[in-house]
Amino acid sequence: MEISFVNNEFSTNIDEVIAFAKKNDLKYVELSKIGEKDIVDLSFNEASELSVKLSSSGILVSAIASPFLKWSTKKQDFSIMGENVASEEEYFTKLMDLADIFGAPNIRIYSYFKEDISLDDLGNKLDIYSQMALDRGIALLLENDGMCNIDNVNKMHQLLEIYNFSNIFPLINMGNIVATSDDYKPQELQDLVNTCQYFHITDYDSELKRNVVIGEGDIDYESILADKFSDICTILSLEPHTGYPEDLQMSLNMLLSYEE
């Protein structure tokens with residue numbers, strides 16, 4: 001496995017992010033927010049300069065943590081890389097340009113806000129972006145989110161089994177699985193984990209109803225990920241979501257202890 005981390009879980013200052021990665025011998029970072037800007041709001045020049053700084057430091061970008069499709073199907077105003085664009089498709093094209101700048105093999109996507117959209121319509125829409133990304137050699141990581149149509153294990157299974165996309169893969173936000181479940185079943189999560197290779201490592205305490213440091217919540221990471229620690233294709237991207245930068249270090253230490 002490889003460990004990555006969502007940069008703004010530690011800092012939006014890229015120099016501090018690089019220092020954290022080097023201190024912990026991490027070679028991957030997932031880009032979400034830089035300074036006051038979301039990663040998709042960087043200009044072409046800003047992105048290029050940031051890419052050079054990361055690569056010269058030996059840091060690779062595991063994914064662009066974009067907000068793509070974390071909006072209504074009725075959304076019409078789109079802006080990316082400092083420019084207004086005419087359509088969702090043009091936004092996605094520039095998003096792939098951004099991934100190319102950073103040499104990122106993956107782009108995170110969502111599944112639209114919950115509203116009147118069928119699974120078929122969602123699948124057909126995702127298929128358009130799957131084909132566009134396929135031409136560029138980019139994989140799309142579909143994250144489960146409580147605000148969106150794909151918000152739990154069953155829906156993720158259902159969509160991906162029906163459509164069998166060649167380059168759309170589940171990005172399992174582990175904490176969201178617990179947070180959105182009225183009856184959390186570890187075995188259901190295990191079944192999905194067995195088929196996945198990219199994870200957002202979060203933990204959730206269902207009694208406190210909030211995210212907590214890895215190992216302090218409801219998820220038994222040591223057993224659930226036992227077979228993943230030796231899988232060289234697996235990426236575990238740390239995203240404690242607690243609001244405290246020091247919790248990233250604590251979560252990393254805990255994750256590494258499970259591997260030993």
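All values reported here derive from a predicted model rather than from experimental measurement.
Checking side-chain atoms of Ser51 against main-chain N and O of Ile101 turns up a donor-acceptor pair under 3.5 Å. Using modelled atom types, one side-chain atom of Ser66 and one backbone atom of Arg108 make a donor-acceptor pair closer than 3.5 Å. Looking at Asp121, its side chain never comes within 3.5 Å of a backbone N or O of Ile117 through a donor-acceptor pair.
In this structure, a donor-acceptor pair under 3.5 Å is present between the side chains of Gln249 and Asn253. Using a 3.5 Å distance cut-off with no hydrogens or angles, the side chains of Glu30 and Ser4 do not pair a donor with an acceptor. For the residue pair Ser223 / Asp220, a side-chain donor-acceptor distance below 3.5 Å is found, with atom types taken as modelled. With hydrogens and angles left out, the side-chain atoms of Thr180 and Asp151 include no donor and acceptor closer than 3.5 Å. Checking Asn149 against Ser111 by side-chain atom types alone, no donor-acceptor pair falls below 3.5 Å. Under the 3.5 Å distance criterion, with hydrogens and angles disregarded, no donor-acceptor pair is assigned to the side chains of Thr242 and Asn211.
Heavy atoms only, all atoms of each residue included: Ile109 and Leu126 are closest at CD1-CD2, 4.0 Å. When all heavy atoms of Leu119 and Tyr163 are compared, the closest pair comes out as O-OH, 3.8 Å.
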Starting from the C-alpha separation in whole Å, work towards a yes-or-no answer on side-chain contact (heavy atoms from CB on, under 4.5 Å) for Ile3 and Tyr28. CA-CA 7 Å; Ile3 296 177; Tyr28 288 102; over 6 Å; no
Under the criterion salt bridge (Lys or Arg N to Asp or Glu O under 4.0 Å), I'd like the reasoning laid out for Glu143 against Lys70: C-alpha separation, chi angles, the key distance, then a yes or no. CA-CA 10 Å; Glu143 183 164 12; Lys70 196 171 185 178; over 6 Å; no
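Remark: Asp227 CG is loosely packed, at most 12 non-hydrogen atoms of other residues, nucleotides or ligands lying under 6.0 Å away. Within a 6.0 Å radius of CG in Leu208, other residues, nucleotides and ligands contribute more than 12 heavy atoms. Remark: Glu115 CD is packed, more than 12 non-hydrogen atoms of other residues, nucleotides or ligands lying under 6.0 Å away.
Using a 4.5 Å cut-off between side-chain heavy atoms of Ile, Leu, Val, Met, Phe, Trp and Tyr, Val6 forms no hydrophobic cluster with any other residue.
Both the sub-6.0 Å distance and the 45° axial angle are satisfied by Lys75 relative to the ring of Phe78.
Using cut-offs of 30° and 60° on the angle between ring planes, the pair Phe229 and Tyr258 is tilted.
Here Phe92 and Phe68 bring their ring centres to under 6.0 angstrom of each other.
A distance of 6.5 Å separates CG of Leu192 from CE of Met156, quoted to the nearest 0.5 Å.
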